[in-house]
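Here's the structure we're looking at; comments come further down.
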Amino acid sequence: MLHFGWFVGHGFGVQGWGTPGYGIGYDWKKPAPYQHAVREFERAGLDLFIIEDSLTVPDTYGGSAEVSLAQASFAPKHDPLALVPYLLSATEHLGIVPTISASFYPPFTAARLLATLQHFSNGQLGWNVVTSGSDLAAQNYGLDQQIEHDLRYEKAEEFVDVVRKLWRSWEPDAIREDARAGIFADHTKVRPIHHHDGEFFKVRGPLNTAPLPEEPVLVQAGASPRGKAFAGANADVAIALARGVDGMKAYRDSIRAEAASAGRNPDDVKVLFVLKPTVTGSRAEAEEVRAARRELTQRDIDSQLNSISYLSVIDFKQFDLDAPLPELSTNSNQGTLEHFSKAAPPGSTLRQILQARSGGAGDSIIGTAEEIADYLEETGAAVGGDGFLFSGFVDPATIHGVLDRLAPVLRRRGLLRTSYGDGGFRRNLLDF
């Protein structure tokens with residue numbers, strides 16, 4: 001049995017704009033479609049829903065926000081934390097995982113928000129901690145540019161440490177509610193954390209929310225050596241882009257090794273690989289979809305290049321589509337850039353990379369429900385676990401197009417859970 005979840009990229013906003021199913025039972029400005037989505041995820045037996053976030057209107061590609069805004073790509077975007085209560089009201093078991101940036105949130109604010117939501121969540125809350133790499137986002141928070149890549153992870157380590165200290169600044173039995181003695185909370189069990197010697201943060205504490213019955217599940221996506229060390233030491237769920245069986249196994253092994261090095265049980269870290277499935281009714285239809293997607297339109301080209309330009313902070317409009325990419329490096333999302341560049345064989349042109357990605361390379365898969373289930377079963381066994389995150393829009397057409405066909409096949413094969421326990425999100429992750 002494998003763990004499955006859904007990852008919504010590009011944040012939550014105009015989901016599915018420009019696709020055939022857009023607008024069918026869907027108003028992106030209201031919480032209802034997202035509530036419908038999580039009900040369907042829970043009905044299918046998924047374990048978690050991760051809501052990506054970013055903090056800018058991208059204009060790296062060609063030095064303009066034209067493509068971002070014309071295609072509703074990365075913008076407009078709502079704050080995922082505000083959506084969480086609506087999703088919690090619609091589900092009982094699904095893990096709800098909003099994104100918080102360690103680069104810009106004050107740890108006290110993050111700790112207080114997450115503690116409040118966890119109290120309301122019946123143990124369903126997770127948090128996706130990211131290290132924002134965008135200079136554009138940094139400029140929205142008073143900086144000229146983002147700090148160096150590995151230093152961002154040093155900051156994230158301290159961020160997580162401070163948040164956890166704040167969560168633990170109330171002892172579990174600090175609240176007595178003793179009306180006879182006139183004591184609501186025992187002041188000897190609520191203490192400042194006095195975090196004054198950190199490199200990035202100074203926080204007195206204590207947190208002014210009630211003690212947590214259980215801390216939220218921490219989710220992290222680290223692909224660089226420093227990112228994997230951070231994930232291994234801190235994450236309950238590590239997420240990564242799929243890179244073939246050998247690459248996926250190597251990634252999972254490295255995360256487990258980092259967890260062991262940090263004194264953790266490697267089995268406590270679930271490694272989930274992002275996969276964007278397109279489920280077809282037949283093999284012939286799958287081939288037609290692949291062929292059609294390889295015929296890139298200008299919209300397709302702009303969409304992919306706008307996305308990688310934003311994520312890498314490199315303007316891909318400068319490169320010749322029919323020439324190989326030069327050697328590239330970034331202070332931003334290093335793993336994402338590497339994954340993009342390796343979607344086609346070495347020496348491929350930029351156009352060939354885009355065609356490969358559109359036709360089912362990298363983290364995309366196109367096929368019948370049985371074919372995709374074959375891939376998930378065989379790959380899951382070869383890699384050693386732990387599961388997959390389906391990536392896609394949350395409009396009804398996309399969700400039903402994937403889950404209505406695929407979930408029954410996975411369940412019939414014993415790969416997808418048929419019920420949840422009553423121990424909450426963390427316990428569900430540890431079921432297998």
Side-chain angles (χ1 to χ4, degrees), residues 3-54 71-99 117-118 120-128 216-217 219 239 272 274-281 369 372 387-411 416-420 424-425 428:
H3 294 282
F4 291 94
W6 195 282
F7 178 89
V8 56
H10 294 208
F12 80 98
V14 191
Q15 290 286 303
W17 167 257
T19 62
Y22 178 80
I24 301 174
Y26 181 76
D27 181 353
W28 66 272
K29 300 182 293 297
K30 305 292 185 183
Y34 309 101
Q35 292 176 307
H36 170 78
V38 295
R39 289 189 191 102
E40 291 303 310
F41 298 154
E42 185 164 284
R43 182 180 66 84
L46 305 189
D47 285 309
L48 69 161
F49 173 46
I50 302 175
I51 314 166
E52 178 268 354
D53 194 26
S54 60
Q71 297 190 11
S73 177
F74 296 104
K77 178 178 292 191
H78 304 308
D79 191 310
L81 285 169
L83 180 65
V84 170
Y86 293 97
L87 303 184
L88 293 174
S89 71
T91 59
E92 296 181 13
H93 304 286
L94 185 74
I96 305 297
V97 187
T99 295
L117 291 171
Q118 178 71 327
F120 295 163
S121 78
N122 193 33
Q124 288 176 246
L125 190 71
W127 60 305
N128 180 33
V217 169
V219 177
I239 59 178
L272 306 183
V274 178
L275 194 69
K276 186 174 184 179
T278 299
V279 186
T280 61
I372 293 176
F388 297 89
L389 279 171
F390 298 141
S391 173
F393 295 131
V394 293
D395 61 291
T398 299
I399 291 171
H400 289 284
V402 173
L403 295 181
D404 288 359
R405 288 173 168 171
L406 185 56
V409 177
L410 294 174
R411 195 174 296 114
L416 178 64
R417 70 164 69 242
T418 57
S419 64
Y420 299 94
F425 181 19
N428 287 335

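Sequence positions, counted from 1, serve as the residue numbers for this chain.
Taking NE2 of H78 as the start and CG of L83 as the end, the distance is 9.0 Å to the nearest 0.5 Å. Atom CG in L87 sits 5.0 Å away from atom CD1 in I96 (nearest 0.5 Å). Interatomic distance, CZ of F4 versus CG of L275, reported as 9.5 Å (0.5 Å rounding).
The side chain to side chain donor-acceptor pair (under 3.5 Å) search around S121 returns Q118, not counting sequence neighbours. Under the side chain to side chain donor-acceptor pair (under 3.5 Å) criterion, H36 pairs with H400, not counting sequence neighbours.
Within the 4.5 Å cutoff, side-chain heavy atoms of R411 are placed close to those of T418. Considering only heavy atoms from C-beta on, L117 stays 4.5 Å or farther from W127 through its side chain. Between D53 and K77, the closest side-chain pair of non-hydrogen atoms falls below 4.5 Å. With contacts defined as side-chain heavy-atom distances shorter than 4.5 Å, the pair L125/P98 qualifies.
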Test side chain to side chain contact (heavy atoms under 4.5 Å, CB included) applied to N128 and E52, step by step:
CA-CA 8 Å; N128 180 33; E52 178 268 354; 5.6 Å; no
List the steps, then state whether side chain to side chain contact (heavy atoms under 4.5 Å, CB included) holds for F41 with I399.
CA-CA 8 Å; F41 298 154; I399 291 171; 3.9 Å; yes
For L406 and F390, what are the C-alpha separation, side-chain angles and deciding distance, and is it a side chain to side chain contact (heavy atoms under 4.5 Å, CB included)?
CA-CA 11 Å; L406 185 56; F390 298 141; 3.7 Å; yes
Side chain to side chain contact (heavy atoms under 4.5 Å, CB included) assessment of L272 paired with F7
CA-CA 11 Å; L272 306 183; F7 178 89; over 6 Å; no
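Checked by atom type and distance alone, the side chain of Q124 never pairs as donor or acceptor with a backbone atom of F425 at under 3.5 Å. Counting only distance, with no hydrogens or angles, the side chain of Q35 and the backbone of Y86 share a donor-acceptor pair below 3.5 Å. In this structure, Y420 contributes its side chain and E42 its backbone to a donor-acceptor pair below 3.5 Å.
The two residues I51 and V8 make their nearest non-hydrogen contact at CA-CG1, 3.7 Å. Closest heavy-atom contact between I372 and T278: CD1-O, 3.6 Å. Across every non-hydrogen atom of T398 and F393, the tightest pair is CG2-O, 3.5 Å. Here the closest non-hydrogen pair linking R405 and P408 is O-CD, 3.6 Å.
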Could you pull out every donor-acceptor pair under 3.5 Å between side chains of residues 43-50 and any protein atom, sequence neighbours left out?
from, atom 1, to, atom 2, distance (Å)
R43, NE, E40, OE1, 3.0
R43, NH2, E40, OE1, 2.6
D47, OD1, R417, NE, 2.8
D47, OD1, R417, NH2, 3.0
D47, OD2, H3, ND1, 2.7

